[in-house]
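Residue numbers begin at 1 in each chain, while the letters A, B, ... track the order of the sequences.
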Amino acid sequence: MESSGALRRALGWAAAHAPWSAWAWRNTAFTAAAIPPALPLALGFLLLLTAPGHSPVPLLLVVALSPFLTALQRDRCWSLLGIDIPPVVREHPLRSFRGLTERLRSEATWRQYGYHFLVSPLAALGGGVLVLTWAVGAVCATVYAWSWALPGTTGPGWTRQYDVLTAVGGLLLLAAPWFAALLGRLDSGAALALLGPNRARELERRVEDLAESRAGVLDAADLERRRIERDLHDGAQQRLVALAMNLGIARATLPGLPSEAKAVIDEAHREAKEAIEELSSLVRGLHPAVLEDRGLDAALSGIAARAPLPVELTVDLPARPDPTVEAVAYFVVSEALANVAKHASASRCSVLVTRTANDVLRLTVTDDGVGGADPAAGTGLTGLRKRVGSVDGNIMIDSPRGGPTTVTVELPCGP
Amino acid sequence: MRAVIAEDSVLLRIGLVKVLEMAGFEVAAETGDAEALLAAVDEHRPQLALVDVRMPPGFTDEGVRAALMIRQQSPATAVLLLSQYVEERYAADLLAVPSGAGIGYLLKQRVADVEEFIETLRRVAGGGTALDPQVVAQLLVRRGGGPDPLERLTPREREVLALMAEGRSNTGIATELVVSESAVAKHINSIFAKLDLPVADGDHRRVLAVLRFLDGTP
């Protein structure tokens, strides 16, 4: 099966590159078009070797022409083979001094010289040989026609020499497209590697750009959460507290009310208090004020106090980390403790927050529960993983069946 | 009895004035920031200052810092702090300043339960202590390092300890837990013994003793 597939592919490729196919002509055109851009260099070498004084100035002209030649070669690849070589991005224009030094120091510039001085002459040579192959093939294959058509000859008489010439011509015509395909492949490959930007470096730059923009988005989201928290705290919550207090005052100062009215006031009072409670927990989930004002230690002791099981809390931080990292750390501990309360059936839990020597904020949440926490199954753990991943953090979950469970999270927090 | 109020939300301030008047206080001054509060305390020498923690210009802990100054400069004025969230170190800081006057630290939403709040106002103005149950819960969070003496307490003793730290009297604790006052006294003696605390008279010193043990700093 496999060998027949390979055979089919080979036949398909051969057919696609056969002398009568469009590919043959494209490759030929591409390869032949390698000749003109190499002419300035050829001329330069010629002058260097033959002119009196052997001046290298013509070669320096080729160096100066390099940007133009690069553009020419990129156009050749795109218009004839449809291969797009992205331009090398420069920060400064060529005309300025900084632009000049930037180009001299960039390895992309030297790769381009490599193409213009080494590959381009070879490609031009190949192009020349190819054109010659087509021409000689065409002439030889039609030798009988020539001998018949040209005046002063005896006409179509069969000779052994002419038979050989016709056969050789036919072979050359058959071989030329594949030769063109080979040359085209080699040349375009070299052009892609030498004229375009360095792919590894390009990727590195894109990763840097992406990391930067992601950090920006995270910071913006965090800022927005804090703004909403402020608005709720200073606006809605204060109003609700005032409302609940007024209802409380009404309850306390109006003893002579009919019982229905009193019941309504009681109900409203209770609901106002519940609304305050709900709003508080909502705000805590967003970004608690205590985190912003007083940092992780204070905010975490609040979470620990609200947990339905005893929590031992140790926070050892010499300085406050970045607000975004702080918010993620708060979320992680809050979510981890909620998970412990929901699933672990633990009797105690400990939270350890430290900053390691290499600027990593390490959070460790350990419980003595039943274990078996599966990061693939629980939505809580998936949410944790996403939030931790958003700041390039790591999460490790060690939870054998029967317990205990340890969740370790490391968040990079910069220098 | 005279009182001053520092609260930047006008809506709340109006309500607080009403509640203070219901509790039998005469509101000598209402202010919206810490500086005006200190000036008002200086001028009126009130028995009670009701102070919001988050106030202009910084909106962080201006109220706490003002309360500390009041305790140092005007030892006859009791301070009741209201806060949107509780941070146990504020309470520890406040109790660390030696003063005969009462001290309280409550979540803002506690003002909705007017009767209880009035009771708290009177207790604090009378030299007592009132800590929000959430503050106490945070104080009971065990900090890492070293063995934990709280382990030695029974669950009931922990409940009693929490209520003591809030500033409740034996009668208050007995009512809350629906036990007799002598049972409460027995629990308290046992707690003091287990935690190595000196037995002290009076609610405020009791709270101090508990806090000294819980936090270690005052």
* To do: Using the side-chain contact (heavy atoms from CB on, under 4.5 Å) rule, take A:D297 and B:R89 through it: C-alpha gap first, then chi angles, then the decisive distance, then the call.
  => CA-CA 11 Å; A:D297 195 358; B:R89 248 144 296 180; 3.3 Å; yes
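The distance from the OG1 atom of A:T253 to the CD atom of B:E21 is 12.5 Å, given to the nearest 0.5 Å. Here the straight-line distance linking atom CD of B:Q138 with atom CZ of A:R306 works out to 7.5 Å at 0.5 Å rounding. Rounded to the nearest 0.5 angstrom, B:R54 CZ and A:R230 CZ are separated by 4.0 Å. Summarising the geometry, atom CD1 belonging to B:I14 is positioned 9.0 Å from atom CE belonging to A:M245; distances are rounded to the nearest 0.5 Å. Distance CD/A:Q237 to CD/B:Q109: 6.5 Å, rounded to 0.5 Å.
For the residue pair A:I249 and B:K18, the shortest heavy atom distance occurs at CD1-CB, 3.8 Å. Here the closest non-hydrogen pair linking B:M22 and A:A252 is CE-CB, 3.7 Å.
Contacts between B:D61 and chain A at a heavy-atom distance below 4.5 Å involve the side chain alone, from C-beta outward. Within the 4.5 angstrom heavy-atom criterion, only side-chain atoms of B:S9, from C-beta onward, approach chain A. With a 4.5 angstrom heavy-atom cutoff, A:R270 does not touch chain B via any of its atoms. Using a 4.5 Å cut-off between heavy atoms, A:P288 does not touch chain B at all. When heavy atoms are compared at a cutoff of 4.5 Å, A:V311 approaches chain B solely by way of its backbone atoms N, CA, C and O. Residue contact with chain B, scored on non-hydrogen atoms closer than 4.5 Å, involves the side chain of A:I276 exclusively. For A:S350, no part sits under 4.5 Å from any heavy atom of chain B, backbone or side chain. Both the backbone and the side chain of B:L16 come within less than 4.5 Å of a heavy atom of chain A. Looking at B:E7, only its side chain comes within 4.5 Å of chain A, counting heavy atoms on both sides.
Each of B:V114, B:L12, B:L11 has some count of heavy-atom pairs under 4.5 Å with chain A, and the biggest count is that of B:L12. Across B:D113, B:V86, B:D8, the residue that shares the most heavy-atom pairs under 4.5 angstrom with chain A is B:D113.
Around the CZ atom of A:R239, the shell of radius 6.0 Å holds no more than 12 heavy atoms that belong to other residues, nucleotides or ligands. Surrounding CE of B:M1 are more than 12 heavy atoms belonging to other residues, nucleotides or ligands, all under 6.0 Å away.
By the 4.5 Å heavy-atom criterion applied to side chains, A:R294 and B:Y85 are counted as neighbours. Residues A:D293 and B:E87 have side chains not in contact (no heavy-atom distance under 4.5 Å, counting atoms from C-beta outward). At a threshold of 4.5 Å between non-hydrogen side-chain atoms, the residues B:T60 and A:E292 do not count as touching.
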